[in-house]
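Following: one structure in structure tokens, then a few remarks.
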Amino acid sequence: MGSQGGFGQSKEFLDLIKSIGEARSKAEEDRIVLHEIETLKRRITEPDIPKRKMKEYIIRLVYVEMLGHDASFGYIHAVKMTHDDNIHLKRTGYLAVTLFLNEDHDLIILIVNTIQKDLKSDNYLVVCAALNVVCKLINEETIPAVLPQVVELLGHQKEAVRKKAVMALHRFYQRAPSSVNHLISNFRKKLCDNDPGVMGATLCPLYDLITIDVNAYKDLVASFASILKQVAERRLPKSYDYHQMPAPFIQIKLLKILALLGSGDKKASEQMYTIIGDIMRKCDSTSNIGNAVLYECICCISSMHPNPKLLESAADAIAKFLKSDSHNLKYLGIDALGRLIKLSPEIAEQHQLAVIDCLEDPDDTLKRKTFELLYKMTKSSNVEVIVDRMIDYMININDSHYKTEIASRCVELAEQFAPSNQWFIQTMNRVFEHAGDLVNPKVAHNLMRLIAEGFGEEDDTADSQLRSSAVESYLRIVVEPKLPSTFLQVICWVLGEYGTADGKYSASYITGKLCDVAEAYSTDDTVKAYAISALMKIYSFEIAAGRKVDVLPECQSFIEELLASHSTDLQQRAYELQAILGLDANVATNIMPMDASCEDIEIDRSLSFVNSYVQQSIEKGAQPYIPESERSGMTDVSSFRSQELHEVSSHALRFEAYELPKPVMPSRVSPIEQSSSNELVPAPEPSYHAEMHQVASSVPSVSDTGSLELKLKLDGVQRKWGRPTYSSAAPSTSNADIPKIQNGAPQLDAVSSSSSKAVSYDSRRQQVEISAEKQKLAASLFGGTSKSHKRQSSGSQKVPKTNIPAAEKSHVAKNATSDTAVLERTPQPPPDLLDLDESTVSSSAQSLDPFKQLEGLLDLNQDTSTLTTSDASASGAPDVMSLYGETTLNVQSGGVPNLLPAGRDEANLLSGLAGTPNRDGHGENTVTNPTQQLNKGPNAKESLEKDALVRQLGVTPTGQNPNLFRDLLG
Amino acid sequence: MLISFSLLFEDVGASITSSSICQIHFVLLISRQGKVRLTKWYSPYPQKERTKVIRELSGLILPRGPKLCNFVEWRGFKVVYRRYASLYFCMCINQDDNELEILEIIHHYVEILDRYFGSVCELDLIFNFHKAYYILDELLIAGELQESSKKTVARHIAAQDSLVETAKEQASSLSNIIAEATK
């Protein structure tokens with residue numbers, strides 16, 4: 001097989017990789033791989049393959065599998081290779097099995113023996129290789145086979161082995177906690193291992209253990225805190241430093257553990273305050289890793305017993321994150337804000353503009369995170385704005401996983417904080433319209449219930465207003481194409497119940513609409529069932545009112561269609577409708593009383609009203625009733641039932657048939673029950689009903705469901721509905737009232753101007769919406785609304801002018817003033833998060849114009865960037881790389897507020913990502929670490945060598961991916 | 001009538017959160033053309049699912065602009081990615097994990113690769129993917145970071161290589177030179 005190439009593989013394999021690299025489509029790639037599979041299948045079964053070649057075949061199998069194809073035919077060969085004595089082959093075999101097999105694969109049993117042997121090997125590298133496999137492949141059944149050896153290895157002289165043994169034991173614990181329960185104390189011991197790598201690895205299992213049982217580890221709080229202190233004081237070997245931070249990954253792990261231990265425990269938390277404060281001060285917020293540690297500190301602070309000083313520094317750190325140009329930091333800032341907001345709600349207020357910026361950001365990830373934050377800080381005063389925003393966003397996303405989530409969040413917030421029923425209904429309508437199929441159907445029933453119940457108070461006019469507006473909105477919506485089924489059900493129900501209630505719309509108009517719906521969604525039986533029930537209600541209301549009913553031709557044909565329907569449910573409803581059409585006003589009122597959907601139906605389970613009838617019949621010589629349980633043999637009743645069952649099963653192919661009988665119940669049962677208590681029922685029906693009773697007794701009994709259904713499933717709803725929110729707000733229900741009252745209180749404290757509450761509320765809303773627009777729009781939009789906004793717009797024009805000549809120091813000063821401004825503002829009462837209320841703004845207007853502030857910050861960034869750039873170019877540095885290196889240094893040494901370095905760092909990172917010759921993350925390294933620079937010296941030479949080598953082999957990549965030779969770090 | 005509909009809706013999120021014991025669920029290396037360079041699965045994903053995951057994620061990550069977050073939300077998880085030249089390193093983590101830390105773990109890995117291969121480029125990883133696996137195994141185990149010292153990892157890999165090299169007859173390959181240089 002030809003010459004060995006420079007990469008240690010045969011020409012054949014290199015060719016394969018090359019041809020896959022050059023494949024222009026997935027199909028072509030698949031063809032090549034399938035061909036390769038064929039070749040391998042043939043070759044691998046040949047007798048007497050040299051081991052070296054076999055090794056290559058295995059690597060080729062790994063490659064094939066990595067590309068997403070099935071290489072299972074070769075698994076057994078990989079397993080065989082693990083048995084080899086040559087460590088070189090053994091390692092390859094082990095690598096392949098860890099990649100091929102999952103923990104419950106049958107072949108594992110063939111490896112266990114080898115693993116056992118290898119764990120005892122004198123060569124620690126063999127032991128390490130075996131432990132790698134143990135971590136991946138040993139399952140619950142095979143744990144006992146290797147457990148004693150793994151435990152023994154915890155005391156191995158090589159730290160690499162001890163470390164992997166700890167990880168293996170951790171893995172066992174994750175797989176089957178019971179198997180290693182008696183060994184857990186080993187983790188505590190290993191925490192004191194003199195190798196920092198082993199100690200670091202031990203933190204993983206301890207973190208898991210503490211997550212499960214915090215109390216058992218409270219005694220370790222002091223130890224963890226002291227380890228963290230030592231790490232932060234650079235007591236660990238220099239090799240654990242990462243970008244000038246002392247062992248940051250270990251710090252982060254420790255902080256996570258401390259967060260768990262300090263949660264809700266004042267005593268434990270007090271032991272941590274000092275060290276966490278120290279770390280936050282020491283964190284280098286110019287590097288990613290520094291910010292990662294800082295973020296972890298914030299998480300820790302937000303989870304442990306609150307400490308005002310730490311909270312303050314956490315808030316400062318969040319402010320830095322949010323002001324950063326880096327999206328990553330903004331994202332973390334938003335996330336951290338969401339964590340801290342539970343402890344100190346007022347801090348969100350300082351960042352409202354930053355939050356709105358993130359909300360407007362084109363980056364979807366950031367936007368979603370921001371919605372998560374908004375979700376966390378929603379209250380009755382800002383629910384309208386937030387839910388509005390969420391719905392707007394929801395409309396435009398395609399990812400159904402996230403759409404479902406955000407839709408359910410909208411619903412949850414609306415249910416919890418709705419300021420008025422009207423608003424709730426409108427909001428729900430929007431949610432249903434755009435994500436109806438993704439919302440839990442319970443929500444639909446809540447909505448119906450709400451419309452039916454109204455405010456639950458005596459105020460009937462408000463209720464009927466609410467209903468009329470619902471009817472009106474539904475009549476408007478119903479003509480739109482492709483509405484979700486759940487929503488249509490709500491629409492039909494409401495139209496049937498209240499369509500003609502206010503007399504605004506004629507019965508024929510409503511029935512026409514209902515028929516249109518039924519026709520447009522003729523494949524949806526549930527909707528049709530709702531539609532026909534609605535028709536039934538409207539006609540009986542008409543009859544009850546003494547008006548003449550004329551059935552529209554399309555209604556007539558709809559009814560006829562249903563009379564012949566395959567669905568027994570639809571058929572039943574259609575027949576009932578027909579029967580009702582023939583009744584007189586008196587009966588109709590009794591069957592279908594107007595607006596009775598909320599009334600409880602009393603059910604006489606003992607059917608006492610038929611007693612006299614029964615008595616009569618018995619007197620006439622009829623057989624007395626024998627309960628079913630006491631009967632033997634076939635009776636009329638059971639035969640009837642079997643018939644019924646048979647009927648149902650004859651439609652078994654229709655899948656909908658199973659769900660439909662339930663929706664039938666209320667409308668069928670209610671008239672009967674209601675009327676039966678009046679003893680107005682024709683004889684056959686109650687008996688049928690009684691039958692039904694028994695038939696369905698395995699399911700929740702019919703009468704039960706009936707009564708429940710009519711009330712629209714009240715269970716659990718009452719609690720959720722924050723009735724107190726609006727019942728406290730007096731019976732008057734105008735939309736703006738409630739927020740006004742709640743907003744009013746803080747305003748009265750803070751406001752000097754005496755603008756009317758209602759106006760301020762309106763303007764607040766307007767402002768929120770506007771400020772959420774892009775900044776450019778803001779100036780023009782805000783110009784007309786109020787004085788303070790005028791100032792803003794003029795301010796925004798002035799700022800650049802004043803800033804351009806300004807030196808860095810003035811920026812610092814400026815920044816400081818704006819910072820103090822923020823601080824000044826903190827103690828102010830208004831709790832509303834997005835409350836950009838005029839009053840708040842004007843009270844501190846001179847020093848604090850949010851827009852001005854923001855723009856000042858933006859300018860600041862730009863300015864310094866130009867400044868530093870010119871500096872660098874002046875110093876004659878020719879390449880971008882060193883330029884960035886210098887700026888970073890400048891910034892660090894200059895002691896400029898951290899905001900700037902963060903910006904710089906981001907630029908650095910981004911240019912690295914963009915693939916420019918700037919050395920990402922090495923900006924500092926190049927300068928501070930000359931040895932590494934030297935190491936990196938022959939880069940060009942090396943890559944040229946590689947290039948030449950590859951060309952020799954004939955695997956030069958074609959023009960398709962010229963980046964193949966580009967250094968990843970370059 | 002209300003109960004029946006709930007059958008249609010299954011809790012989509014439930015299946016996801018159940019199996020999230022490890023910190024990192026998988027590591028993916030994808031080229032800008034969407035070609036797979038390396039995959040390592042720490043949580044169980046069947047082969048079919050893997051292909052789907054890779055397809056979904058390349059569709060999600062590759063079109064993202066350079067200025068955006070290095071994180072994407074995906075199926076209730078978070079995927080942290082970072083681009084180096086034309087190669088994307090992706091790691092999938094739980095919702096509430098520290099994204100920036102993972103971003104630095106990626107960078108840590110790349111720095112180790114860089115040290116090992118000597119200014120690593122995509123081609124190195126294409127032809128030596130098994131070595132990239134060995135290095136990854138020294139860095140992460142069972143989805144957790146096992147070693148955060150570059151030097152320790154490098155030393156360990158070098159020890160393995162020297163054993164391997166002596167076992168080999170032929171020398172003078174490029175990787176050999178590099179291994180010696182990094183010793």
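So you know, we letter chains A, B, ... as the sequences are listed, proteins then strands, and number each from 1. None of the values given here were measured: they were computed from a predicted structure.
When each of A/K163, A/K164, A/K253 is checked for a salt bridge (Lys or Arg N to Asp or Glu O under 4.0 Å) with B/E144, only A/K253 meets the rule.
Shortest non-hydrogen contact noted between A/R339 and B/D96 is NH2-O, 3.8 Å. In terms of heavy-atom proximity, A/L125 sits nearest to B/Q160 at CD2-CG, 3.5 Å. What you find for B/L145 and A/M167 is that their closest heavy atoms are O-CE, 4.2 Å. Between B/C69 and A/T365, the closest heavy-atom pair is CB-CB, 4.3 Å. Residue A/G21 comes nearest to B/K35 through the heavy atom pair O-NZ, 3.1 Å, listed as atom of the first residue, atom of the second, then distance. The two residues B/L103 and A/N288 have their closest heavy-atom pair at CD2-ND2, 4.2 Å.
You'll find the side chain of A/T92 stays beyond 4.5 Å of the side chain of B/H130, heavy atoms only.
Only the backbone of B/Y42 comes within contact range of chain A, with at least one heavy atom under 4.5 Å from a heavy atom of that chain. Heavy atoms closer than 4.5 Å to chain B are found in the side chain of A/I252, but not in its backbone. Only the backbone of B/W41 comes within less than 4.5 Å of a heavy atom in chain A; its side chain stays farther off. Heavy atoms of A/I20 lying under 4.5 Å from chain B belong exclusively to its backbone. The contact between B/I105 and chain A is made by backbone and side chain atoms together, counting heavy-atom distances below 4.5 Å. At a 4.5 Å heavy-atom cutoff, the contact between B/T152 and chain A is made by side-chain atoms alone. For B/T51, the part lying near chain A is the side chain, with the backbone staying farther off; criterion is any non-hydrogen pair under 4.5 Å. The contact between A/E159 and chain B is made entirely by side chain atoms (from C-beta outward), counting heavy-atom distances below 4.5 Å. If you measure heavy-atom distances from B/Q47 to chain A, the contacts under 4.5 Å come from the side chain alone. Both the backbone and the side chain of B/F71 come within less than 4.5 Å of a heavy atom of chain A. Only the side chain of A/C128 comes within contact range of chain B, judged by heavy atoms closer than 4.5 Å. Within the 4.5 angstrom heavy-atom criterion, only side-chain atoms of B/K78, from C-beta onward, approach chain A. Heavy-atom distances place the side chain of A/H170, and not its backbone, under 4.5 Å from chain B.
In terms of heavy-atom pairs under 4.5 Å with chain A, the best-connected choice from B/W74, B/Y45, B/Y134 is B/Y134. Among the candidates A/Y63, A/Y124, A/Y402, the residue making the largest number of heavy-atom pairs closer than 4.5 Å to chain B is A/Y63. Contact tally against chain B (heavy-atom pairs below 4.5 Å) for A/K256, A/K238, A/K330, A/K136: the top residue is A/K256. Contact count against chain A (heavy-atom pairs under 4.5 Å) is highest for B/L38 among B/I54, B/L38, B/L125, B/I102. Of the listed residues (B/K40, B/E138, B/K48), the one with the most heavy-atom contacts under 4.5 Å to chain A is B/E138. Of all the listed residues (A/E65, A/E103, A/M66), the one sharing the greatest number of non-hydrogen pairs under 4.5 Å with chain B is A/M66. The candidate with the highest count of non-hydrogen atom pairs below 4.5 Å against chain A, out of B/V36, B/V110, B/I141, is B/I141. By number of non-hydrogen pairs under 4.5 angstrom with chain B, the leading residue of A/I250, A/L332, A/L67, A/N102 is A/L332. Residue with the most contacts toward chain B among A/D104, A/N123, A/D335, A/L95: A/L95 (heavy-atom pairs, distance under 4.5 Å).
Shown here are the salt bridge (Lys or Arg N to Asp or Glu O under 4.0 Å) partners of A/E296, two or more places apart in sequence or in another chain: there are none.
Considering CG of A/L131 and CG of B/D137, their distance stands at 12.0 Å, rounded to 0.5 Å. Here the NE2-OG distance, from B/H107 to A/S287, works out to 10.5 Å after rounding to the nearest 0.5 Å. Atom OG1 of B/T39 is separated from atom CG of A/L99 by 7.0 Å, given to the nearest 0.5 angstrom.
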| task | Given side chain to side chain contact (heavy atoms under 4.5 Å, CB included), test A/Y295 with B/L100 step by step and report yes or no. | result | CA-CA 8 Å; A/Y295 167 75; B/L100 222 47; 5.6 Å; no

| message | With side-chain hydrogen bond (donor to acceptor under 3.5 Å, both in side chains) as the criterion, how do A/H243 and B/E111 come out once you've worked through the C-alpha distance, each side chain's angles and the decisive distance to 0.1 Å? | response | CA-CA 11 Å; A/H243 293 190; B/E111 281 184 352; 2.9 Å; yes

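Put simply, the side chain of B/N70 never gets that close to the backbone of A/N328: no donor and acceptor are under 3.5 Å apart. A/D363 contributes no side-chain N or O that, together with a main-chain N or O of B/L68, makes up a donor-acceptor pair within less than 3.5 Å.
Taking the six-membered ring where tryptophan is involved, the planes of A/F13 and B/F129 are perpendicular, since the angle between them exceeds 60° and thus also 30°.
In the model, A/Y242 has a side-chain atom that pairs as donor or acceptor with a side-chain atom of B/E104 under 3.5 Å.
Ionic pairing of A/D241 and B/K151 is not present here: no N-O contact between side-chain nitrogen and carboxylate oxygen is shorter than 4.0 angstrom.
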